[in-house]
Trainee: 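Have a look at the structure that comes next, please.
This is a predicted model, so every value here is computed, not measured. Basis for what follows: all heavy atoms, side chains included, without hydrogens, waters or symmetry-related copies.
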Amino acid sequence: MENLLDRFLRYVKIDTESVPGIEQIPSTKKQFDLANLLVDELKAMGMQDVSIDENCYVMATLPSNIDKEVPTIGFIAHVDTTPDLTGKDVKPQVWENYDGEDIVLNKEQNIVLTTEEFPEIKKYKGQTIVTTDGTTLLGADDKAGVAEIMEAMDYLIKHPEIKHGTIKVGFTPDEEVGKGANLFDVEKFGAEWAYTMDGGPMGEFEYENFNAAYAEVTFKGQNVHPGTAKGKMVNSMNIAAKFATKFPQSETPEQTEKYEGFYHLLTMTGSVEETKLQYIIRDHDHNLFISRKDHMESLVKTFQSEYGEDRVKLELVDQYYNMKEKVAPNMHIVDFALEAMKELNIEPDVKAIRGGTDGAQLSFKGLPCPNIFAGGHNMHARYEYVPVPTMEAATNVIIKIAELVAKK
């Protein structure tokens, strides 16, 4: 695993930030910078059928080295980083033999990763961890996953004594803006099932995620000079503000955990003439998910009856669904991953994702695809970090799964 850290440090320095609201895939051309590098590295290490298409999807094959038929499996990660914080000019810092104390990421700007705010970092005392200088995110989500898959394939090629069936790898763009699986060619990929390497701490494993919808409510007003506005002005912002209070305050992201769903007001923009509210709706339970969407639609109808249909408009679209529906009938997929962890003395931490991954959409496209830990903490933030031993463990899980499937 001597190349794993070097790979990761090389990848995070490449700016691959995606941008929401862009129709084209990838949303940013710079995602090709990493994708093309991966193509070159895959070819150099000896992977077969290496390809990249016009939408920045990379695929490659590691041929079987056994003489019996076993399932073809895949491993997938995404090359883009979140637009929540800049991924430009990432300056990774490697902290060897971490001392368990606060880490001064940036002395000049007084940016400190404190053990008081992030106490879980203390359990990595003595390990090597990677952070940034505090002015950018790190990009372990999901360049840790990318590096782990690349390192695992290189290791298997260099160690032919490890027996495995055919393995497919895929790298996607635009996962962070919800489009990573939109144009993924499942038939071309050719795996019976796959795993996304896109999770958090050691042992984390998920095959459940939120059902998800997006709602945009537009309120139309009418502007009149405020001096003569009585009975004439309609202030769209006031209507929108009233609408926003009609959701249970206990059902927001900051008030919920585990399997509890929520309504989340993402943005509020407007003027007297027009105001837009953008929401995401989330729930693991399908029936509760439907109920939440029904509540949104019912509220809109109530406001339409009060202010007029032309003044309140709703756009409501489903984004993805709970992958459990597709994975549960194929629990051997889960069993292979959990057995691999146990053989490596990794305690599995099976949980539901309070979000979504490419794997959710891929599962509904015919490629069941649970999610395995990649090692990152504090994703999407300047305090993001990743312990190198966790990345090494994730790489070993990929290799072990390949071994176990070959013994099937």
Side-chain angles (χ1 to χ4, degrees), residues 7 34-53 55-79 142-143 145-160 162-173 175 180-199 207 323 326-327 330 332-334 336-337 340 357-372 374 394-408:
R7 285 185 196 279
L34 177 55
N36 285 324
L37 174 65
L38 295 175
V39 167
D40 292 343
E41 292 186 0
L42 287 164
K43 289 178 179 178
M45 72 172 64
M47 294 288 285
Q48 303 297 306
D49 303 324
V50 181
S51 68
I52 182 170
D53 67 15
N55 299 113
C56 203
Y57 290 83
V58 176
M59 294 184 183
T61 302
L62 179 61
S64 172
N65 65 0
I66 56 177
D67 57 4
K68 66 175 182 177
E69 291 292 324
V70 298
T72 297
I73 63 172
F75 296 92
I76 297 169
H78 62 89
V79 299
D142 186 28
K143 291 170 184 175
V146 173
E148 290 153 7
I149 292 171
M150 294 291 286
E151 186 68 15
M153 295 305 103
D154 191 43
Y155 189 88
L156 286 170
I157 290 170
K158 291 176 178 176
H159 293 81
I162 300 174
K163 301 306 176 183
H164 58 81
T166 300
I167 300 172
K168 303 285 185 172
V169 300
F171 302 110
T172 66
E175 191 269 355
N182 284 19
L183 299 179
F184 190 97
D185 190 336
V186 170
E187 184 176 355
K188 177 186 175 182
F189 193 59
E192 291 186 33
W193 75 84
Y195 302 92
T196 50
M197 303 299 297
D198 193 17
Y207 64 95
M323 74 171 80
K326 299 300 181 182
V327 175
N330 303 281
H332 60 283
I333 301 171
V334 173
F336 277 121
T357 69
D358 279 346
Q361 293 187 55
L362 291 172
S363 293
F364 281 86
K365 294 180 74 169
L367 182 67
C369 199
N371 189 47
I372 296 174
T395 304
N396 287 326
V397 168
I398 295 171
I399 296 167
K400 182 59 69 173
I401 289 173
E403 285 187 88
L404 292 174
V405 173
K407 294 176 182 178
K408 182 178 180 295

Trainee: Is there a donor-acceptor pair closer than 3.5 Å between any side-chain N or O of D198 and the backbone N or O of A77?
Mentor: no
Trainee: Report the C-alpha separation of H164 and N65 in whole Å, then their side-chain angles, then the decisive distance to 0.1 Å, and conclude whether the side-chain contact (heavy atoms from CB on, under 4.5 Å) test is met.
Mentor: CA-CA 6 Å; H164 58 81; N65 65 0; 3.4 Å; yes
Trainee: Are side-chain heavy atoms of E175 and D142 found at a separation under 4.5 Å?
Mentor: no
Trainee: Considering only residues two or more places apart or on different chains, which pairs with a residue in residues 63-74 satisfy salt bridge (charged side-chain N to carboxylate O under 4.0 Å, His left out)?
Mentor: none
Trainee: Aromatic rings F189 and F184: how do their planes relate, parallel, tilted or perpendicular, breaks at 30° and 60°?
Mentor: perpendicular
Trainee: Nearest 0.5 Å, what's the CD1-CD1 distance between I372 and I401?
Mentor: 3.5 Å
Trainee: Starting at CE of M47, measure out to CG of D154 and round the result to the nearest 0.5 Å.
Mentor: 10.0 Å
Trainee: Return each pair, listed once, that meets salt bridge (charged side-chain N to carboxylate O under 4.0 Å, His left out) where at least one residue sits in residues 395-408; pairs must be two or more places apart or across chains.
Mentor: E343-K400, K400-E403
Trainee: Considering only residues two or more places apart or on different chains, which pairs with a residue in residues 358-369 satisfy salt bridge (charged side-chain N to carboxylate O under 4.0 Å, His left out)?
Mentor: none
Trainee: Tell me, with the steps shown, if F171 and M150 meet side-chain contact (heavy atoms from CB on, under 4.5 Å).
Mentor: CA-CA 10 Å; F171 302 110; M150 294 291 286; 3.8 Å; yes
Trainee: Mind checking the NE2-CD1 spacing from H159 to I399? Nearest 0.5 Å is all I need.
Mentor: 8.5 Å
Trainee: Would you check if the side chain of Y195 reaches a backbone N or O of I333 as a donor-acceptor pair within less than 3.5 Å?
Mentor: yes
Trainee: Within this structure, what is the CG-CD1 distance for the pair L367 and I76, rounded to the nearest 0.5 Å?
Mentor: 5.5 Å
Trainee: Not counting sequence neighbours, list each pair that qualifies as a salt bridge (charged side-chain N to carboxylate O under 4.0 Å, His left out) and has a residue in residues 35-47.
Mentor: R7-E41, R10-E41
Trainee: Can you list the residues that meet the side-chain hydrogen bond (donor to acceptor under 3.5 Å, both in side chains) rule with N371, with sequence neighbours excluded?
Mentor: T196, E206
Trainee: Just jot down the side-chain contact (heavy atoms from CB on, under 4.5 Å) partners of A35, sequence neighbours excluded, or say none.
Mentor: I52, C56, V58
Trainee: How would you list, by chain and number, every residue that makes a side-chain contact (heavy atoms from CB on, under 4.5 Å) with A394, sequence neighbours excluded?
Mentor: E148, M197, F373
Trainee: Rounded to the nearest 0.5 Å, how far does CE of M153 lie from OG1 of T395?
Mentor: 9.5 Å
Trainee: For T61, enumerate each residue passing the side-chain hydrogen bond (donor to acceptor under 3.5 Å, both in side chains) test, keeping only those at least two apart in sequence or located in another chain.
Mentor: K168
Trainee: Could I get the full list of ring pair (Phe, Tyr, Trp, His ring centres under 6.0 Å) partners for Y57, not counting sequence neighbours?
Mentor: none
Trainee: Got a donor-acceptor contact below 3.5 angstrom from the Q48 side chain to the G46 backbone?
Mentor: yes
Trainee: Could you tell me the separation between the OG atom of S363 and the CE atom of M323, rounded to the nearest 0.5 Å?
Mentor: 5.0 Å
Trainee: Does the side chain of Y155 reach to within under 4.5 Å of the side chain of I162, using non-hydrogen atoms?
Mentor: yes
Trainee: Is there a side-chain contact between L62 and V169 in this structure, where contact means two heavy atoms from C-beta onward sitting under 4.5 Å apart?
Mentor: no
